[in-house]
Number of protein chains: 2
Amino acid sequence: MHLQKYEKIPRATIARLAVYVQELEVMEQQGIKVISSEKLAWSCGVNPSQIRKDLAYFGEFGVRGVGYYVYELREAIKQSLGLDRTWNVVMVGVGNLGRALLRHQLLRKRGFVIVAAFDCDPFKIGEEIAGIEVQCSSKLPQSTIDMGVEIGIITTPPERAQRAANYLIEGGIKGIVNFAPSRITAPENVVVEYVDFIHNLFSVAFNITQHQIKGLL
Amino acid sequence: MHLQKYEKIPRATIARLAVYVQELEVMEQQGIKVISSEKLAWSCGVNPSQIRKDLAYFGEFGVRGVGYYVYELREAIKQSLGLDRTWNVVMVGVGNLGRALLRHQLLRKRGFVIVAAFDCDPFKIGEEIAGIEVQCSSKLPQSTIDMGVEIGIITTPPERAQRAANYLIEGGIKGIVNFAPSRITAPENVVVEYVDFIHNLFSVAFNITQHQIKGLL
DNA sequence: TATACATTGTTAAAAAATTCACTATGCACC
DNA sequence: GGTGCATAGTGAATTTTTTAACAATGTATA
Ligand SMILES: NC(=O)c1ccc[n+]([C@@H]2O[C@H](COP(=O)([O-])OP(=O)(O)OC[C@H]3O[C@@H](n4cnc5c(N)ncnc54)[C@H](O)[C@@H]3O)[C@@H](O)[C@H]2O)c1
Ligand SMILES: NC(=O)c1ccc[n+]([C@@H]2O[C@H](COP(=O)([O-])OP(=O)(O)OC[C@H]3O[C@@H](n4cnc5c(N)ncnc54)[C@H](O)[C@@H]3O)[C@@H](O)[C@H]2O)c1
């Protein structure tokens, strides 16, 4: 298998690859062994060329005239994305959302292991959720250094997100996923990703309105 | 103010407008009255032209030589997106994530009011969370019709998402936000949006790996 | 072994999105 | 009222992403 071409890979490609992995897993469970780009595209809601193109950034994984072997393709994609390993993750802010994420099974299944959780609320410190004991945020930087944690999840209120980020950065973290609806600043070498599903609600609301307007025309 | 031009609006624009609203709110709280596209761009992490272009889809909201009045712009964007009203929302699947969302304050603040929640687990039916009583899913279609609900949120396990969607569709819903990691099929006139933050973790992991590879070169 | 067939990998074309560069215009100050 | 300045709005240029088209190639079959 050839190495990843040195070419910038579109963000959108990464997101789609994640979807492909998802759907391939479902197919695997259904006992499907081989799949064509066309069928996979169909179930992922994208164009077949798109799939082939996305995969081409990383190598050749298919067999012409046949398609892709489901298991192999899934493994190949995971490897391409750097997911053929586990990533240690810490969480800052154990509120409603933080708890839900701590209890979420799929994270571990996908290779993201939450190894520690931090909060600044004395009432929450010491509590155990899904086998993780909540610790005082002040311990964060040292802990992440000690445990070699690479990814931090922020689930504090928005006005505390920057502070949480600072702790993480101090702790030598390499990437942050921020669930709080606020922008944070971090050094260049720290990867920051924002999650905000209000966007999706906005989008749905907007599209419903548009549909209705179009309906009137 | 002129009407929205009849032109297809990029999905990405909608997502960015949501970010602008967010940042404008923060600025408003800080007492900032006027903002230039350049400064707003800076705090939203985008290009100033991008902001002006995004806004141009909907009208002219600024004052040349001055900038945008923060309050007015925020209102204008919300109106453009169809968010100058409240939207009734129902939730299907009251597990870890469903609970977190029910307790989430920001949804209501942004105009999305969860008016009912449904689950199929008899142990959960009757429970009250954040003032909402969990009802049996079988009541869903009739309830949504009766209450004139337009948006449904799916937070069931992935293998149940399609069933949940079917209930919603039967209930005459116009848009669905699916938090379960599985594709669903719905009629053309129903807007479907997928939320999956595993994508963001994938993306962070991938980018960390890339950074490291680049570092070695 | 040759032939037909299916489906990939890849190149080219098209479409979409972003950024740039400039024009128009409102405000402040003289 | 005129002048200078700042910044929005906009059309053109650029870049990126998606889609289409097709050549390359592995498999099955006779
Ligand atoms: N609840 C949801 O479903 C939901 C959905 C989308 C986004 N969000 C966002 O996620 C964030 C968390 O939401 P939530 O509902 O869990 O809020 P929450 O108030 O329940 O939890 C926030 C937690 O962060 C802790 N905290 C505050 N400052 C901290 C600090 N400096 N260090 C460590 N911990 C700190 C608090 O003690 C609290 O436990 C918010 O920004 C919210 O907007 C939540
Ligand atoms: N927990 C998280 O933080 C998190 C994060 C991202 C995505 N998700 C996804 O969100 C979904 C829910 O996650 P969760 O952790 O809350 O799971 P969960 O198991 O805690 O909750 C699922 C709920 O759905 C109910 N349910 C099942 N089938 C139903 C049906 N047909 N009609 C109505 N209700 C039904 C169950 O009774 C249960 O209460 C899953 O698909 C999960 O992958 C969860």
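Below, chains carry the letters A, B, ... as their sequence lines are ordered, and counting in each starts from 1. Note: hydrogens, waters and symmetry copies are ignored here, and every other heavy atom, side chains too, is used.
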So which atom in B/Asn88 and which in B/Met147 form the shortest heavy-atom distance, rounded to 0.1 Å? ND2-O, 3.7 Å

Would you say the side chain of [Y] lies within less than 4.5 Å of the side chain of [X], judging by non-hydrogen atoms?
| X | Y | answer |
| --- | --- | --- |
| B/Lys53 | B/Thr13 | no |
| A/Lys174 | B/His211 | no |
| A/Met91 | A/Thr155 | yes |
| A/Ile198 | B/Leu107 | yes |

Among the nucleotides D/dT7, C/dT10, C/dC27, whichever has the atom closest to the side chain of B/Val66 is C/dC27

Between A/Arg11 and A/Glu193, is the closest basic N to carboxylate O distance under 4.0 Å? yes

Answer yes or no: is there an ion pair linking A/Glu25 with A/Arg110, defined by an N-O contact shorter than 4.0 Å? yes

Distance, rounded to the nearest Å, where [X] contributes [atom1] and [N] contributes [atom2]:
| X | N | atom1 | atom2 | answer |
| --- | --- | --- | --- | --- |
| B/Glu60 | D/dG11 | CD | P | 11 Å |
| A/Ile51 | D/dT19 | CD1 | P | 11 Å |
| B/Leu55 | D/dT7 | CG | C1' | 13 Å |
| A/Tyr69 | C/dT8 | OH | C1' | 13 Å |
| A/Glu38 | C/dT8 | CD | P | 9 Å |
| A/Ile14 | D/dT18 | CD1 | P | 12 Å |

Review item, nucleotides 2-4 of chain D N/O atoms under 3.5 Å of protein N/O:
none

In residues 17-25 of chain B, which residues come under 4.0 Å of DNA chain D by heavy atom? none

Counting neighbours of CD on A/Glu159 that are heavy atoms of other residues, nucleotides or ligands and sit closer than 6.0 Å, is the number greater than 12? yes

Specify the residue among B/Gly67 and A/Gly65 whose closest nucleotide of DNA chain D lies further upstream toward the 5′ end. B/Gly67

Is the distance between the ring centroids of A/Phe179 and B/Phe197 less than 6.0 Å? yes

Check: residues 67-77 of chain B side-chain donor-acceptor pairs under 3.5 Å, at least two apart:
residue: B/Arg74; atom: NE; partner: B/Glu28; partner atom: OE1; Å: 2.6
residue: B/Arg74; atom: NH2; partner: B/Glu28; partner atom: OE1; Å: 3.3
residue: B/Arg74; atom: NH2; partner: B/Glu28; partner atom: OE2; Å: 3.4

Between A/Glu170 and A/Asn166, a side-chain donor and acceptor under 3.5 Å: no

From the list B/Thr86, B/Val90, B/Val89, side chain to side chain contact (heavy atoms under 4.5 Å, CB included) with B/Val115 holds only for B/Val90

Whether A/Tyr68 contacts C/dG9 is assessed here as follows: a side-chain N or O lying under 4.0 Å from the phosphate OP1 or OP2. Is that the case? yes

Reckon B/Gly62 touches a base, only the sugar-phosphate, or nothing at all at heavy-atom distances under 4.0 Å? sugar-phosphate

So how far off straight is the helix from C/dT1-D/dA30 to C/dC30-D/dG1, going by the axes through five pairs at either end, to 10°? 10°

What is the per-nucleotide protein-contact pattern of nucleotides 15-23 of chain C, from the 5' end, where B denotes a base atom under 4.0 Å from a protein heavy atom, S denotes such proximity for sugar-phosphate atoms only, and - denotes neither? --SSBBB--

Scan for ring pair (Phe, Tyr, Trp, His ring centres under 6.0 Å) pairs involving residues 15-54 of chain B, sequence neighbours excluded, and state none if there are none. none

Check: B/Ser203 side chain, B/His199 main-chain N or O, donor-acceptor pair, under 3.5 Å: no

